[in-house]
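This report refers to the structure that appears directly beneath it.
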Amino acid sequence: PPPARPPSDLVFDAQLESLARSAAAALPEAPGVRVRLTGAPSYHLAYASVLRGDLMRSTVASLAGILLLFALFYRVVRILPLLALTLGAGVLWTLAAALLLFDRIGALSLAFAAILLGIGVDVPVQLYHRLREELGRRPAREAVAATLEDLIGPSILATLGPAAVFAACGLSRFRGLSELGLLSAVGLGLNLVCTLALFPALLLVLPRRMWAGPHAAMPEPRLLRRLGRLAEQRWRLLALGAASLALVLAPLAARLRVA
């Protein structure tokens, strides 16, 4: 008889495979005979296992890359544990929300973690960048308060934009895309709460020397400064170049096919 559920139901696939293995184990042993499982349920379980491993590695690599770039740009290592804790809390909160929303999710939906880290780090970067400027002219507690007062509005707006895009993906009839979109949207909102609540709280609880470093002044990379001057002085040329490049690449983009 046909299976009671489609092969995309991984829970049913695992139960079916367990029953098949139990039945195979009960067979009498025969020299040179081995029992192997195949078919759509086995393939789906294998693909899901590989995908989960890949997504876990990509998430860890994403977090490591974010922390490395943060340390290289700001030249401060002490802040990294606080940043990692804030981003990690956002991911954990989103996993808890997934349990309430879906009970279980597909392996593809786990990609939300890498998406959340990549987009969600924007707000901590903005806050810390402004905080370093404020630390140069006022005490730590006042600097944190001033930073939040100035950036809480832009931070909310910067989060609502991508969250709305991912929420629109939740309208898809494809379950994997729908789950991924909803989880990413909810995760960005929860990450914003962590950044505006947990991150400043950690800064205020811990001594300033543990996260600010010996110098509060923001380093000025020469390359970025030169790029800024170039954009100011040659803005017409840059705008014309960008528009020309878009016109040249438009035919190539139109030839793209989705497999």
Side-chain angles (χ1 to χ4, degrees), residues 58 61-77 79-80 83 86-87 90 111-112 114-138 143-169 171 177 180-181 184-185 187-189 191-192 195-196 199-200 212-213 215-259:
S58 66
S62 299
L63 180 59
I66 288 171
L67 297 179
L68 177 61
L69 291 175
F70 201 95
L72 291 176
F73 187 81
Y74 288 107
R75 303 175 189 173
V76 174
V77 178
I79 190 65
L80 298 185
L83 179 63
T86 301
L87 295 175
F112 86 88
I115 294 174
L116 180 57
L117 293 174
I119 301 178
V121 73
D122 289 349
V123 177
V125 167
Q126 296 171 16
L127 289 179
Y128 190 68
H129 188 96
R130 180 58 181 273
L131 178 60
R132 288 176 67 96
E133 295 177 348
E134 294 291 340
L135 286 172
R137 51 179 176 266
R138 64 182 75 197
V144 172
T147 298
L148 286 175
E149 182 179 354
D150 290 343
L151 293 185
I152 188 171
S155 298
I156 293 175
L157 181 60
T159 300
L160 289 179
V165 173
F166 284 115
C169 294
L171 302 176
L177 179 59
L180 180 61
S184 298
L188 287 174
N191 178 80
L192 178 64
T195 303
L196 297 180
F199 191 56
H215 302 289
M218 176 62 200
E220 298 181 0
R222 295 180 180 179
L223 178 60
L224 296 181
R225 186 164 60 246
R226 291 175 181 175
L227 290 176
R229 291 177 181 175
L230 178 63
E232 179 184 3
Q233 298 171 0
R234 305 286 185 176
W235 64 271
R236 291 185 179 87
L237 180 61
L238 291 176
L240 179 61
S244 301
L245 184 61
L247 292 176
V248 171
L249 296 179
L252 296 178
R255 294 171 57 186
L256 180 65
R257 297 292 182 265
V258 178

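S62 and A114 get closest at one heavy-atom pair: OG-CB, 4.0 Å. Pairing each heavy atom of L80 with each of A71, the nearest pair is CD1-CB, 3.8 Å. Nearest heavy atoms, L83 versus P124: CD1-CB, 3.6 Å. A158 and P162 make their closest contact through O-CD, 3.0 Å (heavy atoms, listed as atom of the first residue, atom of the second, distance). Residues A163 and A185 share a closest heavy-atom pair of O-CB, 3.4 Å.
More than 12 heavy-atom neighbours from other residues, nucleotides or ligands sit within 6.0 angstrom of CZ on R137. For R234, the CZ atom sits in a loose shell: 12 or fewer heavy atoms of surrounding residues, nucleotides or ligands are nearer than 6.0 Å.
Rounding to the nearest 0.5 Å places CG of L151 at 12.5 Å from CG of L157. The distance from atom CZ of R257 to atom CZ of R255, rounded to the nearest 0.5 Å, is 8.5 Å. A distance of 6.5 Å separates CZ in F73 from NE2 in H129, rounded to the nearest 0.5 Å. To the nearest 0.5 angstrom, L196 atom CG is 6.5 Å from I156 atom CD1.
A heavy-atom distance below 4.5 Å is not found between the side chains of L180 and C169. For the pair V125 and Y74, the minimum side-chain heavy-atom distance is below 4.5 Å. At least one side-chain heavy atom of D150 sits less than 4.5 Å from a side-chain heavy atom of E134. Side-chain atoms of S244 and L240, non-hydrogen and from C-beta on, do get closer than 4.5 Å to each other. Contact annotation: the side chain of Y128 approaches that of V76 to within less than 4.5 Å [non-hydrogen atoms, C-beta and beyond]. By the 4.5 Å heavy-atom criterion applied to side chains, E133 and T147 are not counted as neighbours. Looking only at side-chain heavy atoms (C-beta outward), T195 and S155 stay at 4.5 Å or farther from each other.
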Test side-chain contact (heavy atoms from CB on, under 4.5 Å) applied to L116 and L87, step by step: CA-CA 8 Å; L116 180 57; L87 295 175; over 6 Å; no
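Side-chain N or O atoms of N191 include one that pairs as donor or acceptor with a backbone N or O of G120 at under 3.5 Å.
Ring-centre distance between F112 and F166: not below the 6.0 Å cut-off.
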